[in-house]
2 protein chains.
Amino acid sequence: MVTKQFSGSPDEADLMRADSLAREIFSDIANKWALLIINVLDERTLRFSELRNEVEGISHKMLTQNLRMMERNGLVERHVHPTVPPRVEYTLTAPGQALRATVDGMCAWTHQHLTHIETSRHRFDA
Amino acid sequence: MVTKQFSGSPDEADLMRADSLAREIFSDIANKWALLIINVLDERTLRFSELRNEVEGISHKMLTQNLRMMERNGLVERHVHPTVPPRVEYTLTAPGQALRATVDGMCAWTHQHLTHIETSRHRFDA
DNA sequence: CCGGATCCTGTTGGATACTG
DNA sequence: CAGTATCCAACAGGATCCGG
């Protein structure tokens with residue numbers, strides 16, 4: 001209806017929306033906790049409490065918050081066993097697995113450049 | 001001197017220090033702005049104001065803050081031309097370039113899974 | 001065991017103004 | 001133009017309690 005009333009290709013609006021969406025998603029996953037969760041989950045299936053233990057230093061709140069976000073974005077799958085006490089398990093989805101590669105890359109990079117960074121820091125702090 | 005006074009291998013302390021250092025570095029770079037700066041810088045040399053324009057939505061403060069951090073960690077090189085008005089240029093160092101690969105990976109991943117994520121979100125929001 | 005809700009504090013980060 | 005400093009609003013995130 002109002003499409004193409006102004007300049008630009010027919011679906012210029014779509015492209016802009018896709019861009020802002022991409023930025024939103026990028027901001028979601030480019031955060032320390034999400035990446036660490038992905039890294040820890042790996043190919044395993046872990047319970048909430050197990051994740052809590054394995055992701056060093058994460059709080060209850062941050063863990064649930066990030067798991068919700070990741071579930072919403074289709075990165076993890078949440079499986080609830082209707083037992084008592086409840087048992088909730090998390091796994092990476094296929095897209096989540098795909099992301100793992102780059103996360104691993106970041107970790108590898110970090111370890112590879114540890115000494116370079118340490119000396120760089122000393123030089124800078126002077 | 002006090003080495004090996006307690007249990008563990010001789011350089012257990014070193015390993016622990018390395019680990020905490022790795023985590024610190026990881027937290028530094030696993031942040032939206034740092035990654036976007038790396039992505040925008042690419043192989044180019046950009047001035048402060050150019051970066052400010054190209055990194056959509058970043059504030060003056062966040063830009064300086066992140067550039068300092070990245071310089072300290074040896075990710076970017078800061079070159080000051082002693083002219084008036086001053087001209088300050090930033091480039092990625094070799095380690096910075098190395099990181100670019102993984103950052104590109106994240107960006108690619110984001111675009112590849114845009115639609116999957118969007119539908120996943122709609123399902124979740126119901 | 002899992003996770004939502006609430007409260008409360010410290011940090012983040014934007015706006016502004018000032019220096020070289 | 002680049003960078004620092006100050007102020008202050010907003011948010012993040014920890015602790016705790018409760019409910020399923």
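Convention: sequence-line order gives letters A, B, ...; per-chain numbering from 1. In this text, all values refer to a predicted model and were calculated from it rather than measured experimentally.
Arg68(B) has its CZ atom 11 Å from the P atom of dA5(D), to the nearest Å. Atom pair Leu63(B):CG and dT4(D):C1' shows a separation of 14 Å (rounding to whole Å applied).
Listed by chain and residue number, Phe48(B) satisfy the ring pair (Phe, Tyr, Trp, His ring centres under 6.0 Å) test with His60(B) (two or more places apart in sequence, or in another chain). Legend: residues meeting salt bridge (charged side-chain N to carboxylate O under 4.0 Å, His left out) with Arg78(A), ordered by chain and number and at least two apart, are absent. Taking Asp104(A) as the reference, Arg100(A) meet the salt bridge (charged side-chain N to carboxylate O under 4.0 Å, His left out) condition, with sequence neighbours excluded. Residues that satisfy the ring pair (Phe, Tyr, Trp, His ring centres under 6.0 Å) test with Trp109(B), not counting sequence neighbours, are His113(B). The ring pair (Phe, Tyr, Trp, His ring centres under 6.0 Å) check on His79(A) picks up His81(A), with sequence neighbours excluded. In terms of the salt bridge (charged side-chain N to carboxylate O under 4.0 Å, His left out) criterion, residue partners of Arg121(B) (sequence neighbours excluded) are, by chain and number, Glu24(A), Asp28(A).
Sorted by first and then second residue, the salt bridge (charged side-chain N to carboxylate O under 4.0 Å, His left out) pairs with a member in residues 105-118 of chain B read Arg17(A)-Glu118(B); sequence neighbours excluded. Within the structure, the salt bridge (charged side-chain N to carboxylate O under 4.0 Å, His left out) test picks out the following pairs touching residues 48-66 of chain B (sequence neighbours left out): Arg44(B)-Glu54(B).
For Tyr90(B) and dG3(D), the shortest distance from a side-chain N or O to OP1 or OP2 is below 4.0 Å.
Using a distance-only test at 3.5 Å, with no hydrogens or angles considered, a donor-acceptor pair links the side chain of Thr93(A) to the main chain of Leu75(A). A donor-acceptor pair is defined here as one N or O able to donate and one able to accept, closer than 3.5 Å; such a pair exists between the side chain of Asn66(A) and the backbone of Met62(A). Distance alone, capped at 3.5 Å, places no donor-acceptor pair between the Asn31(B) side chain and the Ser27(B) backbone. Formation of a donor-acceptor pair under 3.5 Å by the Ser120(B) side chain with backbone atoms of His116(B) is not found in this model.
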Problem set entry | Annotated protein contacts, base or backbone, on nucleotides 11-20 of chain D with a non-hydrogen cut-off under 4.0 Å, one of B, S, - each | --BB-----B

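The stretch residues 69-82 of chain B does not touch DNA chain C, since none of its heavy atoms comes less than 4.0 Å from the strand. Residues of residues 36-51 of chain A that place a heavy atom closer than 4.0 Å to DNA chain C, in numerical order, are Arg47(A), Phe48(A), Ser49(A).
The rotation axes computed at either terminus of the helix from dC1(C)-dG20(D) to dG20(C)-dC1(D) lie 40° apart, taking five pairs at each end and rounding to 10 degrees.
At least one side-chain heavy atom of Met106(A) sits less than 4.5 Å from a side-chain heavy atom of Ile29(B).
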